[in-house]
Amino acid sequence: AFPSSSKDEL
Amino acid sequence: MNIFRFAGDMTHLISILVLLLKIYATKSCAGISLKTQELYALVFVTRYLDLFTDFISVYNSVMKVVFILTSSAIVWCMRRHRIVKRSYDQALDTFRHLFLVLGCLVLALIVHDKFTFQEVFWAFSIYLEAVAILPQLVLLQRSGNVDNLTGQYVFFLGAYRAFYILNWIYRYLTEQHFRLWISCISGLVQTALYADFFYYYYISWKNNSKLQLPS
């Protein structure tokens, strides 16, 4: 869903 | 996911487990700032509002739940546990953490990716995480002596920050459209706050002596 930002981090 | 990100998540998890272990084994929370722990619980709850709306991976979802549960458990123990709560250094833990919350909320309302409920709270959680350690550092400073487990707790938290910065550098170099302004600037601020503590941690480790902070 967010491949280009850091929202796939914890 | 790269190795730095994974190492960062693991040291973050270890730091929380070290703290839970300390509280469980010694039935004491002496030297631990309840205000910092409340801020971390708030950080996780507001950041993981996407838990039910945006699925990324099983790993992410499980870790999110673990972080929310463990941070809430620590706050619960410190406030409610019959024996643990007696050792809480209330007189030393006087940082005005509400001002941090309000300041971060105002900043999140001004600086965010999109003006939506989730995005504003995501930015809020990033800003709050950057400064959430402050009550803990002030408490350590005031009590002077730092017991081993509390020192290790802050050490692992600092290691988590360092690995995340390596992770962002790696992602910046390997991913074409990696945007990171909000995370990266906040992350650098957060890591800088640890620099002072790390210096004294290193000195005590080198001299093989008990960690003491200057008053």
Side-chain angles (χ1 to χ4, degrees), chain A, chain B residues 1-2 4-6 8-13 16 43-44 47-51 53-57 59-68 71 112-114 118-119 121-123 125-126 129 160 163-165 167-172 174-187:
Chain A
F2 305 105
S4 62
S5 78
S6 54
K7 292 200 180 70
D8 56 357
E9 292 172 354
L10 293 170
Chain B
M1 183 163 63
N2 60 67
F4 303 115
R5 151 88 198 274
F6 184 68
D9 288 347
M10 288 304 113
T11 43
H12 196 183
L13 188 61
I16 295 172
V43 162
F44 291 135
R47 186 173 309 162
Y48 302 153
L49 289 172
D50 64 355
L51 193 54
T53 55
D54 299 282
F55 178 78
I56 291 159
S57 66
Y59 170 84
N60 264 39
S61 299
V62 169
M63 290 292 274
K64 286 175 179 181
V65 172
V66 168
F67 281 143
I68 290 173
S71 61
H112 46 252
D113 280 349
K114 274 181 248 145
Q118 275 192 8
E119 288 286 338
F121 275 106
W122 180 82
S125 80
I126 297 287
E129 187 187 352
Y160 145 63
F163 280 124
Y164 254 68
I165 286 179
N167 156 54
W168 290 328
I169 294 170
Y170 181 86
R171 292 188 71 175
Y172 183 75
T174 56
E175 290 175 31
Q176 287 199 325
H177 304 289
F178 183 59
R179 293 180 295 116
L180 75 181
W181 295 111
I182 290 178
S183 306
C184 189
I185 293 170
S186 311

Donor-acceptor pair, side chain of T11(B) and main chain of G8(B), under 3.5 angstrom: yes
Proximity breakdown for [X] and chain A, heavy-atom pairs closer than 4.5 Å:
{"X": "F6(B)", "result": "neither"}
{"X": "D9(B)", "result": "side chain"}
{"X": "W181(B)", "result": "neither"}
{"X": "Y164(B)", "result": "side chain"}

Any Q118(B) side-chain heavy atom under 4.5 Å of T53(B) side chain: yes
Y172(B) OH: over 12 foreign heavy atoms closer than 6.0 Å: no
L10(A) side, atom CG; Y160(B) side, atom OH - distance, nearest 0.5 Å: 8.0 Å
